Protein chains: 2
Amino acid sequence: MNHSGRGWRRPGSYHHGNLKEALLEAARKLIEEHGAFGFSLTEAARLAGVSPAAPYRHFKDRDALLAEVAHSGFDRFAARLDAAWNNGLPTPLSAFENLGKAYLAFAREEPASYTVMFETGLAPGTEGERLPAAERSFDVLQRAAEALCRQLPEDARPPIKLVSLHFWTMAHGVATLFSQGGRAAGKVPMTPEEVLESGLLIYLKGLGILPDEGDGGESVSG
Amino acid sequence: MNHSGRGWRRPGSYHHGNLKEALLEAARKLIEEHGAFGFSLTEAARLAGVSPAAPYRHFKDRDALLAEVAHSGFDRFAARLDAAWNNGLPTPLSAFENLGKAYLAFAREEPASYTVMFETGLAPGTEGERLPAAERSFDVLQRAAEALCRQLPEDARPPIKLVSLHFWTMAHGVATLFSQGGRAAGKVPMTPEEVLESGLLIYLKGLGILPDEGDGGESVSG
DNA sequence: TGATTCATGTAAAGGGCTTTTACATCAAAG
DNA sequence: CTTTGATGTAAAAGCCCTTTACATGAATCA
């Protein structure tokens, strides 16, 4: 159990001790630095201090490693969104704001994971099998949409899946447009959080969930 | 001038005649089929019927070819958005709906271009220089936001750049979430166009640009 | 204790990709 | 007709992906 704990190899030992996690960590670091294109299995192995063939004891091939980056990313993503939503407490609206912030925080703190999860087309496994953690992530958005829409009279409620898709759309749009390189950065003197929150408040007003002249309106002008 | 016109080499001729465009076309086709990862310069050359070294007469390196895919993509993207917006005619709202449809139509018809434009981190040239065509694309959204916001009393208008960023955010989010493989497809029985339009109508209602009980409300429920 | 087994890592090799360099071809200009 | 410049080829170096045969060592079992 003499694991090095942060992905580095025990010096003077034939076996690494924690290679799988070390490779995932190296992959995330390399993707952050050189983009999703500039990732090489050999270089990840070099970072972990092993030969180019060693990764094949833990991953079928290069794509399998990236798929695992996506998979484990979705695990943390779902957990984080779920914790932020916190069952809609203390109020659905404040929980919803926390949810949006958590979404963007994950995209900023794990840009490599987020990229591989959403932008590479590798996430759904080698053969279109769904990722349960990805479903769980979407479910959090859906529960939030449901709780918010419950504030509307029953006959005025739009389809929950549609509303949650709108949420996802906005969060994902802000996350990617502001991500590294920031095609949107510099276009507006606001943080991604402010852009997302203002957009969501306007949207909720449009749904009739927020009053026309709430604090939402002021935070929009500010 | 015996160009083959669609990227294929003249048979029995040493020179290709239209290699640069043929390579761009091959790149888009390969990216569509195998994802942005599975693109190889050698295979593009093979598709065009030339040797692996030939592309270097037209592009500095592999990334330069991809950057050109992004660049030419933004050119067509901006032109298409501009034509759809049509100076806000006949009405800002109908022109705006056309704009949204044109955005999604481009993303669907040129998925490879769209991917390289927004998802690879290669678009802004090798060295952070801005793409004028990318600016022009955003400008169309901004002009639309301005025209729509002009319908509000002056002291109730949110910042134009923020609104156009919200537009971009929603359009980009829908475009990518529904793109190939369709992580969002199957979650909701609607087309991307319906998801985007309904989201934008709700948003515009939230801004006060649309009445609370317009045809927008009905199209949301439907 | 000592041999065996199994997971894990290495070395070497084949094949593909990227890129450079020297050379080949051909159309157009002089 | 010759020259020239643009465009394409061949060959080679270097890197990466992946497989195969072999090496190491920790845990198991007699």
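Chain naming here is simple, since letters A, B, ... match the order of the sequence lines and numbering starts at 1 in each. Quick caveat, the model's predicted, so the values are computed rather than measured.
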Find the distance [X]:[atom1] to [N]:[atom2] and express it as a whole number of Å.
{"X": "B:Arg46", "N": "C:dG15", "atom1": "CZ", "atom2": "C1'", "result": "12 Å"}
{"X": "B:Tyr56", "N": "D:dG8", "atom1": "OH", "atom2": "P", "result": "15 Å"}
{"X": "B:Leu19", "N": "D:dA6", "atom1": "CG", "atom2": "P", "result": "16 Å"}
{"X": "B:Asn18", "N": "D:dT7", "atom1": "CG", "atom2": "P", "result": "11 Å"}
{"X": "A:Glu43", "N": "C:dT18", "atom1": "CD", "atom2": "P", "result": "17 Å"}
{"X": "A:Arg62", "N": "D:dC15", "atom1": "CZ", "atom2": "C1'", "result": "13 Å"}
{"X": "A:Leu66", "N": "D:dC16", "atom1": "CG", "atom2": "C1'", "result": "14 Å"}
{"X": "A:Phe37", "N": "C:dC17", "atom1": "CZ", "atom2": "P", "result": "16 Å"}

From the list [options], which nucleotide is the closest neighbour of the side chain of [X]?
{"X": "B:Leu41", "options": "D:dG8, C:dT19, C:dG9", "value": "C:dT19"}
{"X": "B:Ala54", "options": "C:dT18, D:dG8, C:dT10", "value": "D:dG8"}
{"X": "B:Ala53", "options": "C:dT10, D:dC17, D:dA11", "value": "D:dA11"}

Problem set entry | Proximity of B:Phe138 and B:Phe77 rings by center, below 6.0 Å |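 Not close enough - the centres of the two rings lie 6.0 Å or further apart.
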Exercise. Any chance the rings of A:Phe167 and A:His172 have centres within less than 6.0 Å?
Worked result: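 No, the ring of A:Phe167 stays outside the 6.0 Å limit from the ring of A:His172, centre to centre.
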Exercise. Which part of the nucleic acid, if any, lies within reach of A:Ser40 when heavy atoms closer than 4.0 Å are counted: base, sugar-phosphate only, or nothing?
Worked result: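 Here A:Ser40 touches the backbone only, sparing every base.
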Exercise. Any salt bridge between A:Arg62 and A:Glu43, counting N to O under 4.0 Å?
Worked result: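 Looking at A:Glu43 together with A:Arg62, the answer is no, because their closest N to O distance does not fall below 4.0 Å.
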Exercise. Does B:Lys161 pair with B:Glu146 as a salt bridge, N-O distance under 4.0 Å?
Worked result: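 No, no charged N to carboxylate O under 4.0 Å.
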For [N], take OP1 and OP2 only and decide whether either is under 4.0 Å from a side-chain N or O of [X].
{"X": "B:His58", "N": "D:dG8", "answer": "yes"}
{"X": "B:Thr42", "N": "C:dT18", "answer": "yes"}
{"X": "A:Arg57", "N": "C:dT10", "answer": "no"}

For this session: Could you verify whether a donor N or O on one side chain and an acceptor N or O on the other, from B:Ser40 and B:His34, lie under 3.5 Å apart?
Result: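 Result is no, nothing qualifies.
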